[in-house]
There are 2 protein chains.
Amino acid sequence: MVDAAPMISALRDAGYRRTTARGEVARLVAAQDGHFVAADLLSEAARGNTRIGRATVFRTLEAMSDAGVVERIDLPTGDHAYVACEPRHHHHVVCASCGAGQDIDDAGLRRVVRDVARRTGYRVDDHRLELFGSCPRCQAREAAG
Amino acid sequence: MVDAAPMISALRDAGYRRTTARGEVARLVAAQDGHFVAADLLSEAARGNTRIGRATVFRTLEAMSDAGVVERIDLPTGDHAYVACEPRHHHHVVCASCGAGQDIDDAGLRRVVRDVARRTGYRVDDHRLELFGSCPRCQAREAAG
DNA sequence: GTTTTTGCAAACCATTTGCAGGGTC
DNA sequence: GACCCTGCAAATGGTTTGCAAAAAC
């Protein structure tokens, strides 16, 4: 759960114009608790009295991704999802039960990457790490339930 | 580039029946050099005189993924691709130019995962790491060209 | 003989695109 | 006023599904 305002600023900084549609999408994204898919935003927009086109949602998510305020992740199921995040390089832990996500920093991964490059001879330009599991709250729920 | 026979055995071990279609798909997969998408197999099957249905290719890839002989990866572009691989836990480095891939073992990632779990309070059940860059051959080509 | 698997075509569904009207700078 | 953005509806494209025939066990 984050705030919508910084997202909108980030969009502006990235050269995108300020529009009502983008503000709405930002608000919806900010209200998401964990990861979400485009369809979530669409249905929530429809449930509220917001009228936003499918295309606009996708285009805005792309813009936000470009601006670094959301990131597209790939779930173990193969589905694409998005998470709101801080605009810097990082990775995610995602809870498989409730979808709550949390950013994590480099966490020693840099060494892993360098090590792999040395051993394989590849030059590594980009990497992505996704972690899946159970968040503290869901662990407690599991233990209780 | 791997051998088709072990794939077929692995499928059998996983409880799938031995069929000509699966043998063909295994042969096609084995002939792939790096990552590939379902459509690659389809078109190559068509180019040869092999008649295999779209659905069968997808179903066989799913079976192979289940048996652990191929893995579905997500390219930075967001596209889904597959790579032939050994049936144990590991990760991949993929060349962005030519698509050549290579398995890598844990490479110290275990420590990273444990560290993240400790810091976030999440229980981490699963992780995926994808590395993208340039393979030795393409680096040489870059330097030469 | 029973259970799987195949192939085809149709169905699906997320995402993209063309385009005309409207909003932003 | 020039350029960007929106919404709609239609197109796209990868993937899945229903089903009857064929193959594997």
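Just so it is clear: chains get the letters A, B, ... in the order the sequence lines come, proteins before strands, and each one is counted from 1.
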Stretch residues 51-58 of chain A: residues that reach within less than 4.0 Å of DNA chain C through a heavy atom: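 A:Arg54, A:Ala55, A:Phe58, in order of number.
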
Neighbour count >12 (heavy atoms, 6.0 Å) for atom CZ, A:Arg123: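 Above 12, so yes.
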
Identify all pairs in which a protein N or O lies below 3.5 Å from an N or O of nucleotides 21-23 of chain C, and state each distance.
unit_1, atom_1, unit_2, atom_2, d
C:dG23, N2, A:Arg17, NH1, 2.9

What integer distance in Å separates [X]:[atom1] from [N]:[atom2]?
X	N	atom1	atom2	answer
A:Arg72	C:dA14	CZ	C1'	9 Å
B:Met64	C:dT5	CE	P	13 Å
A:Asp13	C:dC25	CG	C1'	16 Å
A:Leu61	C:dA14	CG	P	14 Å

Give, for atom [atom1] of [X] and atom [atom2] of [Y], the distance between the pair rounded to the nearest 0.5 Å.
X	Y	atom1	atom2	answer
B:Leu28	B:Thr50	CG	OG1	6.0 Å
A:Leu41	A:Glu44	CG	CD	6.5 Å
B:Met7	B:Thr60	CE	OG1	12.0 Å

Pairs satisfying side-chain hydrogen bond (donor to acceptor under 3.5 Å, both in side chains), at least one member in residues 18-31 of chain A, at least two apart: A:Glu24-A:Arg27

Test of ring centre spacing under 6.0 Å for A:His80 and B:His80: yes

Under a 3.5 Å distance rule, please check whether [X] uses its side chain to pair with a backbone N or O of [Y] as donor and acceptor.
X	Y	result
A:Glu71	A:Val83	no
A:Gln32	A:Val37	no
A:Ser65	A:Leu61	no

Check against side chain to side chain contact (heavy atoms under 4.5 Å, CB included), A:Leu11 and A:Asp13: CA-CA 5 Å; A:Leu11 281 178; A:Asp13 294 347; over 6 Å; no

Nearest-nucleotide 5' precedence on DNA chain C, A:Val37 against A:Arg12: A:Val37

Divergence of helical axes at both termini of the helix from C:dG1-D:dC25 to C:dC25-D:dG1 - five pairs an end, 10° steps: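 Taking the rotation axis at each end, their angle is 40°.
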
Bounds of contact between DNA chain D and chain B, in 5' to 3' order, using a heavy-atom cut-off under 4.0 Å: D:dT15 to D:dC25

same_hphob_cluster([X], [Y]) at 4.5 Å side-chain heavy-atom cutoff:
X	Y	answer
B:Phe36	B:Leu42	yes
B:Val112	A:Val124	yes
B:Ile8	B:Ile52	no

DNA chain D contacts made by residues 38-47 of chain A, counting heavy atoms under 4.0 Å: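 Nucleic-acid contacts, sorted: none.
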
Non-hydrogen atoms of A:Leu129 and A:Leu131 that approach each other most closely: CD1-CD2, 4.0 Å

Sugar-phosphate only, base, or nothing, as touched by B:Arg59 at under 4.0 Å among non-hydrogen atoms: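 Base, at least one base heavy atom under 4.0 Å.
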
pair B:Tyr122-A:Pro136: side-chain heavy atoms closer than 4.5 Å: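 Contact flag for B:Tyr122/A:Pro136 side chains = yes.
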
Candidate pair A:Tyr16 and A:Asp66, rule side-chain hydrogen bond (donor to acceptor under 3.5 Å, both in side chains), full reasoning: CA-CA 10 Å; A:Tyr16 295 98; A:Asp66 177 47; 2.7 Å; yes

